[in-house]
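Working notes, structure below.
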Amino acid sequence: MAKDVINSASLVPISEMLSQLASSIFGTVHAVKEVLIQKENFKKFSTYLEKTACLLKELSELNLDYSESLKTAIEILNRETKIAKQLVLECKNKNKVYLLLNCHRIVKRLDNITKEISHALSLIPLASLGISMGISDEISKLCENMLGAEYRTAVAEQKILEKIASATQECNVNRSHANDLLFHIAEAVGISTEHSSFKKEFKEFKNEIEDAKRRKDMPEDTQMEQIIALLENADATKSHEEREKYFNRRNSLGRQPLQPLQAFYCPITQDVMVDPVETSSGKTFERAAIEKWFAEGHNSCPLTQISLDTSFLRPNKPLQKLIEEWRDRNNLITIVSLKPKLQSTEEHEVLQSLEKLQGLLVERELHRQWVIMEDYIPVLIGLLSAKNRDIRTSTLAILCILAKDSEDNKEAIAKVDRALELIIHSLARQIGESKLALQLLLDLSRNHLVKHSVGNIQGCIFLLATASNSNDNQAAKNAEELLNHLSFCNQNVIEMAKANFFKPLLQLLSSGEEDIRIIMAETLSQIELTDNNKVSLFEEGALEPLLQLLTHDDLEVKKVAIEALHNLSDVPQNGLKLIREGAIGPLLELLYRHSLLSPRLREQVAATIMHLAISTTTQVADIMQVLLLESEDIFRLFSLISFTGPNIQKSILRTFLAVCHSPLGVEIREKLRQFSALQVLVQLCDQDNQIVRGNAVKLFCCLTQDGNGDTLLEHVGQRCIERLLTIITTSNDMEEIAAAMGIISNLPKDPQITLWLLDAGALDIISTCLTHESRNASYRMQITENAAAAICPFIAPSNLEWQKRVAEFGIIPVLVQLLVCGTTLTKQNAAISLKHFSENSTSLSNRVKQQWLSWCCLKAPVKYCPVHLGICTVEYSFCILEANALEPLVRMLGETDPGVCEASLDALLTLIDGERLQRGSKVLAEANAIAPIIKLLSLPSASLQEKTLKALERIFRLVEFKQQYGTSAQMPLVEITQRGSGSMKSLAAKVLAQLNLLTEQSSYF
């Protein structure tokens, strides 16, 4: 430390004072190099000090005379040197956290010292002392630079201070925020982020604060107390004293929750308030409730009816604090009481307790701290070995919450015996559980100590490698990230595991050790796999050992085999292999033996059989003609529908739906009809379970497509029809609606059934379906197609009353539209319906007498139908000309499907029936229909050719049409006379005779 300046120049020469001062400053410069904080600022400060010391050293060698100004300068320099040395020692020795939080004060002190030194140097009387111009310029320049010097806190330090200020101002003292702050503080001041290191630093920091308070040299006591309160929420700063404080409070609360006081309830909502506010009437309400009251236009008190100042709402802080204390007290008691319930043998009670605990943990971070204080973690880890999947899943979700933002909790979880093994075991289970286990492991691995433990658990790397190929993008991403965290153990091992995961698994599955085979089968049953993974497993040899386990005598062994096959069988290639290897027999036997398996396992067996059935509908199965069910199996399996639960019913129904659409489906459908399957399916249409009912309706529809009408009449009554129509109007399943409408359309054309349909309001429902809108285009077309078929029985020409009812629903324009935009079958049925309507148009057309027409012409022209010679309308005479059906019907004559062409031709020929021949033929000619009709002769459909020949025979009776179109008809007619059947030859020859190409004595007749 520099010696005090002696007031008497006679005792100590000026030169010696300057020399001593320079040495003292050089000593401070040397000490600055050991300061590890504010490095840029201290580097700048050190430069100024060093230059000052050098100039003072030069001045000491000049034998300067004594003066008051020089004496004052030396005194200031001496004082500031002491202050600088003290600051450097503090920054070198004091706690780093303390120094960081005081960085603004350090910067200010550096700035003050620099400016004071500059001021001192400026007091030296350079001119009167005869100092050279060179030294004078250096001193002047140094003074100028020091006056303009700026010291700033580092960006990282400033951000931390801003975060602390924001947190203390907003009272944001949660653990996550505190942990984040500690991490950034550790990075900024260069200390380890390990808990032990930071606990030591934080303890020293608190000691520094206590020392400063005792010395009474810290003006910001309150602010520092707030900062300590904030940082004490971090994991690394927890202390034994806090645990004692917690248990003292917990033990003082009692065991029973308290009922809320009446004052806690909002008078409007009758719920305990969260944000109570006082109105101008002095009454207190929940803020949201009273604000809603005002927004609805009320301006009086809900209790007293006193007029209120709606702009006045004052927070009732005392009441809010009481409510929070009451809620905290009850929540703490609840958390304490839930722990023994988690150890109950009643699964329902455990699940309820887990659900309640999870809700509390999500609600507040404070609750998570209490759960840790109550030592819940070992109990929760114990639940990971529970057989109940829901218990394991809920437990993993809670552990994820606890581990997310707490390093202490991560370490506490990992320290529990077998904790990591149990979590990793959950990776191999079903998707929901495995995703949570993956998330938990990822959180745990972010802790340096835990990461090493995770990577060393046997099987972990293989399971993660499989998860990284998951169809779930988030799960795959998490698995990849975790593998990267674990790459420290052996990157080569990880890459090998990812590339060759199945090889070691299959080797273990095929090994002679039964316990290992069962574990590997269990892994295959619970792990999430891509379709390619599943196919690869069967190709590499997994099927044979699994089938061996399926036929094992031990039920537990059968169980893992069932679950594994269920997981792997939903890929068609695997399903077909299972059928070829004879898996269906053992699976059916297991399904038939009610008492052998649990309901859940039987459901998995039924679902596996369903997967096999679906595989028979693939293109490969079509080529191979794969047979899934023998005749005896069909009857036996279908009979189970009446004696099983909804899940098995659904699988069996979907099994038969699949096989009925397989290459051997015709035989299966016929056998089911013989077995009276329709009777069972009719009953299932009343099923409450929508999924079961939907599959039953779809199978019912499938069996009606090519069945005998008499068989249907035996089982379909009025109640069944009403139920099907109800399904169409109420179901949310578009496929079920399409199937129900398909059944309606496939019903026999029986008058009694048609009456039942009319009485049940079928016309309105069918009309709606014809114009149905749906996002799913394929089902919309199917519904419309089936509805177009279902309308046909109501339009029989023999029942004019029914036709009128259909026309009143506006069906005819809809049918015309379907001729343009419908499917092939829809167009065909729409044309058939229009044909039935058109057959009655002549009798319904309003015939107007000629005199009346002449008189009307004086008044206004009357438009009459060129075919029916009367006034026609769509609604009353069903005229297809008025409905603008002629053009689309003619266009349909060019379709490739013979059924569409024939239906269109039938509708058009109603225009030339009987006496309408000449008028109708003229209309057809004007619509360019006759040439396409002639082209129909070349289509390979006997019935269509016959109808076309009869039509041309009539049209060619008219000379003008024979002359105009006869030539184009000659070659097709000659072709039929040479290659057609006997009756067709005769008809073709008759038309050729009309065209004068054959005599009536020809052998063709």
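- Put simply, the side chain of Gln687 reaches to within 4.5 Å of the side chain of Leu684, judged on heavy atoms.
- Atoms CG and OG1, from Leu637 and Thr655 in turn, are 6.5 Å apart once rounded to the nearest 0.5 Å.
- Under a 3.5 Å cut-off, the side chain of Trp326 and the backbone N or O of Leu258 do form a donor-acceptor pair.
- Within 6.0 Å of CD on Glu544 lie no more than 12 heavy atoms contributed by other residues, nucleotides or ligands.
- One distance of note links OG1 of Thr395 with CG of Leu354; it measures 4.5 Å at 0.5 Å rounding.
- At least one donor-acceptor pair under 3.5 Å links the side chain of Arg602 to the backbone N or O of Leu591.
- For Lys558, the side-chain contact (heavy atoms from CB on, under 4.5 Å) partners are Leu555, Leu590, not counting sequence neighbours.
- Under the 3.5 Å distance criterion, the side-chain polar atoms of His367 are left unmatched by any main-chain donor or acceptor of Leu361.
- More than 12 heavy atoms of other residues, nucleotides or ligands shown are found within 6.0 angstrom of CD on Glu325.
- Under the rule for a ring-ring contact (aromatic ring centres under 6.0 Å, His included), the partners of Phe656 that lie at least two apart in sequence or sit in another chain are Phe638.
- The CG atom of Leu338 lies 7.0 Å from the CG atom of Leu360; values are rounded to the nearest 0.5 Å.
- Not a single donor-acceptor pair under 3.5 Å links the side chain of Asn574 to the backbone N or O of Phe538.
- Counting only residues at least two apart or in different chains, ring-ring contact (aromatic ring centres under 6.0 Å, His included) contacts with residues 544-571 comprise His566-His611.
- What you find for Leu578 and Ser569 is that their closest heavy atoms are CD1-CB, 3.7 Å.
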Next on the checklist: Run the salt bridge (Lys or Arg N to Asp or Glu O under 4.0 Å) test on Lys410 and Asp443 for me, step by step, so that the C-alpha distance in whole Å, both residues' side-chain angles and the decisive distance to 0.1 Å come before the verdict.
Outcome noted: CA-CA 8 Å; Lys410 289 170 187 171; Asp443 285 338; 5.8 Å; no
Checklist entry - Are Glu421 and Arg418 close enough, and set up right, to give a salt bridge (Lys or Arg N to Asp or Glu O under 4.0 Å), and what steps lead you there? => result CA-CA 5 Å; Glu421 292 178 32; Arg418 295 191 67 242; 3.7 Å; yes
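- For Glu589, the CD atom counts as densely surrounded, since its 6.0 Å shell holds more than 12 non-hydrogen atoms of other residues, nucleotides or ligands.
- Considering CD1 of Ile333 and CG of Asp328, their distance stands at 11.0 Å, rounded to 0.5 Å.
- Taking OG of Ser406 as the start and CD1 of Ile372 as the end, the distance is 6.5 Å to the nearest 0.5 Å.
- In this structure a side-chain-to-backbone donor-acceptor pair under 3.5 Å is missing from Asn567 to Glu563.
- For Arg389, the CZ atom counts as loosely surrounded, since its 6.0 Å shell holds 12 or fewer non-hydrogen atoms of other residues, nucleotides or ligands.
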Checklist entry - Going through the checks in order, is the side chain to side chain donor-acceptor pair (under 3.5 Å) test met by Glu433 and Ser426? => result CA-CA 6 Å; Glu433 183 179 348; Ser426 287; 2.8 Å; yes
Next on the checklist: Does Lys534 form a salt bridge (Lys or Arg N to Asp or Glu O under 4.0 Å) with Asp570? I'd like the steps, not just the answer.
Outcome noted: CA-CA 9 Å; Lys534 294 176 183 180; Asp570 59 349; 3.0 Å; yes
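- From Ile641, atom CD1 reaches atom CG of Leu653 across 4.0 Å, with rounding to the nearest 0.5 Å.
- A ring-ring contact (aromatic ring centres under 6.0 Å, His included) check over residues 382-421, counting only residues at least two apart or in different chains, returns nothing.
- Between Ala583 and Pro586 the shortest heavy-atom distance is O-CD, 3.2 Å.
- Tested against Asn695 for a side chain to side chain contact (heavy atoms under 4.5 Å, CB included), the candidates Lys650, Glu736, Gln649 yield a single pass: Lys650.
- Pairs passing the side chain to side chain donor-acceptor pair (under 3.5 Å) check and including a residue from residues 332-346, sequence neighbours excluded, read Ser344-Glu349.
- Side-chain N or O atoms of Arg392 include none that pairs as donor or acceptor with a backbone N or O of Ser385 at under 3.5 Å.
- Side chains of Asp733 and Gln690: no donor on one and acceptor on the other come within 3.5 Å.
- Nearest heavy atom pair, residue Ser615 against residue Gly575, reads OG-C, 3.5 Å.
- The main-chain N or O of Cys685 is found under 3.5 Å from a side-chain atom of Arg723 such that the two form a donor-acceptor pair.
- Summarising the local packing, CD1 of Ile691 is surrounded by 12 or fewer heavy atoms from other residues, nucleotides or ligands at distances under 6.0 Å.
- With hydrogens and angles disregarded, a donor-acceptor distance shorter than 3.5 Å links the side chain of Thr617 to the backbone of Ile614.
- With sequence neighbours excluded, no residue satisfies ring-ring contact (aromatic ring centres under 6.0 Å, His included) with Tyr376.
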